Amino acid sequence: MRKISYREAIRETLWEAMEADERVFTLGQDIEYGGVYGITRGFYDRFGPNRVINTTLAETAITGAAMGAALEGLRPIAEIQFADFITPAMDQIVNMIGKYHYRTHIPVPLVIRTPAGAIVTAHGSTGPLHSQSPEAWFAHAPGLKIVVPSNAFDAKGLLFTAIDDPNPVLFFEQKRLYNDKMDVPGGRYGIPFGQLRVARTGLDLTVVTYGSMVPVVLNAVQQIAAHGIETEVLDLRTLVPLDRQGIIKSVQKTGKVLIVHEANRTCGFGAEVAALISEYAFEYLDAPIRRLTPPDIPVPSARHLAEAYLPNVNDVIQAIQQLNRY
Amino acid sequence: MRKISYREAIRETLWEAMEADERVFTLGQDIEYGGVYGITRGFYDRFGPNRVINTTLAETAITGAAMGAALEGLRPIAEIQFADFITPAMDQIVNMIGKYHYRTHIPVPLVIRTPAGAIVTAHGSTGPLHSQSPEAWFAHAPGLKIVVPSNAFDAKGLLFTAIDDPNPVLFFEQKRLYNDKMDVPGGRYGIPFGQLRVARTGLDLTVVTYGSMVPVVLNAVQQIAAHGIETEVLDLRTLVPLDRQGIIKSVQKTGKVLIVHEANRTCGFGAEVAALISEYAFEYLDAPIRRLTPPDIPVPSARHLAEAYLPNVNDVIQAIQQLNRY
Amino acid sequence: MKTKTSILEPLSAVDNLNLYTQMVRMRRIEERAEQLFRENRTVGRVYTGRGQEAISVGAAYALNPDDGLAPLYREMGAHLVRGVTPREIFCQYMGRKNSATQGRDSGLHIGDPHRHLVSMISSLTASLPVAVGMGLSYQIRGQQRVAMTFLGDGATSTGSAHEGLNFAATRKIPVVFVCSNNQWSLSTPSHQQHGLARLAGRGTGYGMASVQVDGNDVRAVYYAAAEAVVRARHGKGPTFIEAVTMRMAGHSVTDPAVYIPKTMTQQWQEKDPLHCFQTQLCAEGLLTAEKIEQIELEIREEIDDAVRFAEESPLMPTDELTTGVFAEFHGSTNAKN
Amino acid sequence: MKTKTSILEPLSAVDNLNLYTQMVRMRRIEERAEQLFRENRTVGRVYTGRGQEAISVGAAYALNPDDGLAPLYREMGAHLVRGVTPREIFCQYMGRKNSATQGRDSGLHIGDPHRHLVSMISSLTASLPVAVGMGLSYQIRGQQRVAMTFLGDGATSTGSAHEGLNFAATRKIPVVFVCSNNQWSLSTPSHQQHGLARLAGRGTGYGMASVQVDGNDVRAVYYAAAEAVVRARHGKGPTFIEAVTMRMAGHSVTDPAVYIPKTMTQQWQEKDPLHCFQTQLCAEGLLTAEKIEQIELEIREEIDDAVRFAEESPLMPTDELTTGVFAEFHGSTNAKN
Ligand SMILES: Cc1ncc(C[n+]2csc(CCOP(=O)(O)OP(=O)(O)O)c2C)c(N)n1
Ligand SMILES: Cc1ncc(C[n+]2csc(CCOP(=O)(O)OP(=O)(O)O)c2C)c(N)n1
Ligand SMILES: [Mg+2]
Ligand SMILES: [Mg+2]
């Protein structure tokens, strides 16, 4: 099988979806020339100005227009240039798009793709306004499905499903995974929503994570396995719908839980996972539920600050060791 | 002491703050004639057009202008007509206002007041777009203090503190409490942020709640006390800063926790409270942590649906009894 | 009621009667809704378009049934022209089944994909960019369809209105923006919402065709809308229509509107669009006292029937409370896991 | 460098030299910043105002030091005119202490309450309504102060720009909006951002004074800004200035801008604002080859010093990572509990 990157997997899925279904089109800022992360490079030449639409610098126009086109039978895929810039569309997304089916029973089939999370390079991180992970806000807003793929294979399968789904789907691409390569089948396949992936099995404890933190966690648990600690790693894949059973099942087995995510701590999705476990797997718990997340501060720009901010492999190892000792 | 309503307590505090400090002014939609809930009735006549400012229908302009005035030394109190309409200002509030001090060390002293939550009358509820309780979003955005007063006395003291605080404060007034009366001292007093109120002491279990649900919970625990169940009720008052110690202390004593709020369940503030307890009071827990909240749906309009949606006294009693039996 | 055959011809006698009848229907339905509110028989507040019937009816009359339509809460007339029935409307007002939101939402928040009708939300003006998206979908597919959306003078201040208007102007998306300038947004007078002498200047500021029209003259509104619709249909881009009128009631049924000077309301009372149009049609020999009576009678019966029907329609069962947050999805083909 | 004495008089010889010097400083500082970026010595990307120096310098030169200023990322010149020093700027670029954000944020996101300078955030155009609020605070207190803010052609599409512009126009708030129309917003050409023949028409659409000016002519920009500032200071409301120019580099230092036709850049190269102004000043006898050399030399030394100073300035210690989310608060008087 071919090895392709997370970025390429997303690009290929969009391309194949647009080839397969005339109703699918994409709109967003600067996507004509390929977009800032190059996801739509070449699309304009292939699909032309009616299916690859450069919008104005206006996130409410982008998402609102996507909804209007969806109501009239198209399958829009909107790009928000950075997840940080989803806030100007907050009203449109949570109040108009998210509540529409409940209020009217009319489906709103659309996908909003957006690159989320921080990248750290020689120039420091992407900073306070190009690095955020705002997915939890939308979990606290009924009617929106939320996808956060952690690898190229999932990105492809989940994006196909997102495009097929008759509901609005927020698809949070993880910038720092864009270049990560793996085996990805050609052609169309869907990964169902609401089914977590057991990324590694283990009996000693469970790490619940998703998105950018999955590779970090896997790296850590692999190292720690050498010390005889066998960690089960759950990659949630979709936050809404959430695979509650999958989480509970694992905790029932291991009795110890560490939750890891890149988003800020307070009211992050980890809080929901902890609440869920402490309500429905309480009797199986052998230790406090730990969360490993950045602190409640904006993402700092300078490299040393950004590195201190983001959970890294050592942080995960330490947290697991502590929990294991408990 | 005089008995005055929650509404009157807020009105009086604003009035007194504007009398006492020339820098304090208020801006928002329709506040000249008193605003839709009458909070600023009479203000325009007393304080004139330079301190009671009718804005355009534009929440980003309101909050952004408040920030600009704050930077130049004034003490703005902005009104968002309904908490549901805070979303068009999401970017301004979370990215500009909330992150400003961390990025620059420059204080942004302002208050954003807004009526939140549902009211149910003969005409049903205030519906999906005039009833929301969005406070948890802002707890997941660093740099914003969050106040949700549950009674007239607290409303006054917390609002004074909010106006004095050099930071941006979101002040979520609870519509359904506006007419609730109680003893409130005249004159100025502040209630410090980050100190919960033990609204009732008890040994059997702890209910953690805030805002509109406090009277509902107090009513329930009073009834249930007749059956010999002694419930401790914690009214959080401020979600940011949060009185973590206060919560932990109570749980250490009772060992059982019910969390009640009016906001939607998933990633609501209750999730954070549960996560906190399951991490820091795990050893003291004798039962699963329960959350009693509305389901993850928009607030329905029709009376019977709204009543089924909102947690009521019976729901609380049942939840407590269940937990007590555990 | 049959709709207009060609938008390019002047309004026929039948058209004139259609317009008149729809305006009367709007007025009477809203009066009944207000009454039902006072009797505690509605779900939610009632907001009317009293005094603005000419805009709502006249503008929508320029559309084809498959054109997109995104009205706001005062646009009862647009719903009627689009074919929404009084039965549906009263079921909606009374929160019953047989309506668009079945008690989950209230008021004129009626959506229907078959009628290309968008259900507004209270948050202003979230449905405006949606209308632009409908227009975009027509443009993408090369269809000669048009979307029409309404906004108040107050709503022109929102960021969402701007983003939609500007995007439409930029791409020449086929949309007609009908701005009902009724002088007030809740208690706020228009001059506190914008700094323009004529609000129509806003459209010009986007580089789109822009026109001011007497919003109390249904035929003037119709012709302005028809011109805009033709323009949009032929790829010439959107139009901003400022229809000048007056809100002849409180913001909602519970608002006594003490902030509005009495003299202002009195002056506008003389320009009542329904009364003026009636007088004109009578003078033109298109309407008689008899016909007026007959129309009123038919509408009264229609409304009585609708209210009765609504009252007999069931409420949504409470056990449906949590259903329908999402549309059902039966999964992608070729699922791998 | 002393600032102008009276805005009502023509620019003096000293003013002209000031303007020229600031433009050179801007160009050279940004060139050095780009170089530092390539050497991996900066925090964050570098965005320059290359080709737009006349706007940034000329507009800000019309302000008093206590006027509000909310610049965006290409407005190095406005910072320099306001007195921000190269040392502060390079500390900021290199993420050091002795700067506005000390590595917590990057680039020109410099705020300073004493200089009435707002720190922008990347989210466009969140700082525009903030500038309006500064103006509002002057209006409230009856101060004859003015706020100035900048936005790009692309940024005119945002809801936040609209809400700020419209609110300012409605209340005649003393703000000057300087729109640098550099033909592009990232890869998107201006005609995909608005439907206007002249973007200045946008201001007219708010009912505010609106003017188009050659953005490569620093004196034209200055006089337009001066007129706008005087207007605002005297309670006559805001102005929208469209300064037409061209972005003479990629969106940021990493963008090769392949989407811009080479011929376009070449044509504009001939209008380089720095070069043009230099030629004019020489022709007018205000500048000599010698003086040019001297200015360049002084600036080079100043920059060398600043970079050295920045490099010697400490980083923010990691243990300060979580401090300062909130300003310290020592509690209200009379606390009860
Ligand atoms: C985003 C948002 N902010 C505030 C409101 C509250 N609100 C409802 S109607 C209204 C006034 C609208 O005025 P206008 O647009 O002129 O319409 P009209 O009521 O006059 O028809 C306001 C402020 C809202 N619905 N949405
Ligand atoms: C709300 C928001 N959406 C998207 C972006 C991404 N973005 C950064 S700069 C830019 C282009 C800005 O163009 P313009 O306003 O013309 O300014 P210029 O770069 O030409 O000076 C875009 C789209 C952003 N910063 N903020
Ligand atoms: Mg109005
Ligand atoms: Mg530009």
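All values derive from a computational prediction rather than experimental measurement. Convention: sequence-line order gives letters A, B, ...; per-chain numbering from 1.
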Practice task
Could you tell me which of Arg303(B), Glu59(B), Glu32(B) has the largest number of non-hydrogen atom pairs under 4.5 Å with chain C?
Solution key: Glu32(B)
Problem - Interatomic distance, Thr56(B) atom OG1 to Asp153(C) atom CG [nearest 0.5 angstrom] - result: 12.0 Å
Practice task
Please confirm whether the backbone N or O of Ser301(B) pairs with a side-chain atom of Asp105(C), one donor and one acceptor, at under 3.5 Å?
Solution key: no
Problem - Reported CG-to-NE2 distance for the pair Leu129(B) and His109(C), which is rounded to 0.5 angstrom - result: 7.5 Å
Exercise for the section: May I ask you to name which of Thr55(B), Thr121(B), Ile297(B) has the most heavy-atom pairs under 4.5 Å with chain C? Expected result: Ile297(B)
Practice task
May I ask you to decide if the ring planes of Tyr259(C) and Tyr33(B) are parallel, tilted or perpendicular, using 30° and 60° as cut-offs?
Solution key: perpendicular
Problem - Per-residue contact mode, Glu307(B) against chain C (heavy atom under 4.5 angstrom) - result: neither
Handout entry: Residue Arg7(B) excluded, over 12 heavy atoms near CZ under 6.0 Å
Key = yes
Exercise for the section: Count the heavy atoms belonging to other residues, nucleotides or ligands that lie under 6.0 Å from CD of Glu328(C), then report whether that count exceeds 12. Expected result: no
Handout entry: Ser187(C) OG to Ile31(B) CD1 distance, which is reported to the nearest 0.5 Å
Key = 9.5 Å
Practice task
Kindly compute the distance separating CD (Gln192(C)) from CD (Gln29(B)), expressed to the nearest 0.5 Å.
Solution key: 11.5 Å
Problem - Between Gly127(B), Pro295(B), Pro128(B), Ala61(B), the one whose heavy-atom pairs under 4.5 Å with chain C are most numerous - result: Pro128(B)
Practice task
Give, as side chain, backbone, both or neither, the part of Val299(B) having an atom under 4.5 angstrom from any heavy atom of chain C.
Solution key: backbone
Problem - Closest-packed option against chain B by number of heavy-atom pairs under 4.5 Å, given Asp255(C), Leu186(C), Leu315(C) - result: Leu186(C)
Handout entry: Largest heavy-atom contact set with chain C, pairs under 4.5 Å, which of Ala302(B), Gly124(B), Gly34(B), Ala58(B)
Key = Ala302(B)
Exercise for the section: Can you measure from CG (Leu57(B)) to NE2 (His194(C)) and round to the nearest 0.5 angstrom? Expected result: 12.5 Å
Practice task
Begin from the C-alpha positions of Thr42(C) and His123(B) and carry the test side chain to side chain contact (heavy atoms under 4.5 Å, CB included) through to its verdict.
Solution key: CA-CA 6 Å; Thr42(C) 65; His123(B) 292 98; 3.3 Å; yes
Exercise for the section: Please check if the side chain of His304(B) supplies one atom and the backbone of Thr318(C) the other of a donor-acceptor pair under 3.5 Å. Expected result: no
Fill in the blank from the handout: Closest heavy-atom pair, Leu321(C) versus Pro300(B), reported as atoms and distance to 0.1 Å, is CD1-CG, 3.7 Å
Problem - Minimal non-hydrogen separation, Pro317(C) against Leu305(B), with atom names - result: O-CD2, 4.2 Å
Practice task
Would you give the length of the straight line joining atom CD of Gln81(B) to atom OG of Ser122(C), rounded to the nearest 0.5 angstrom?
Solution key: 11.5 Å
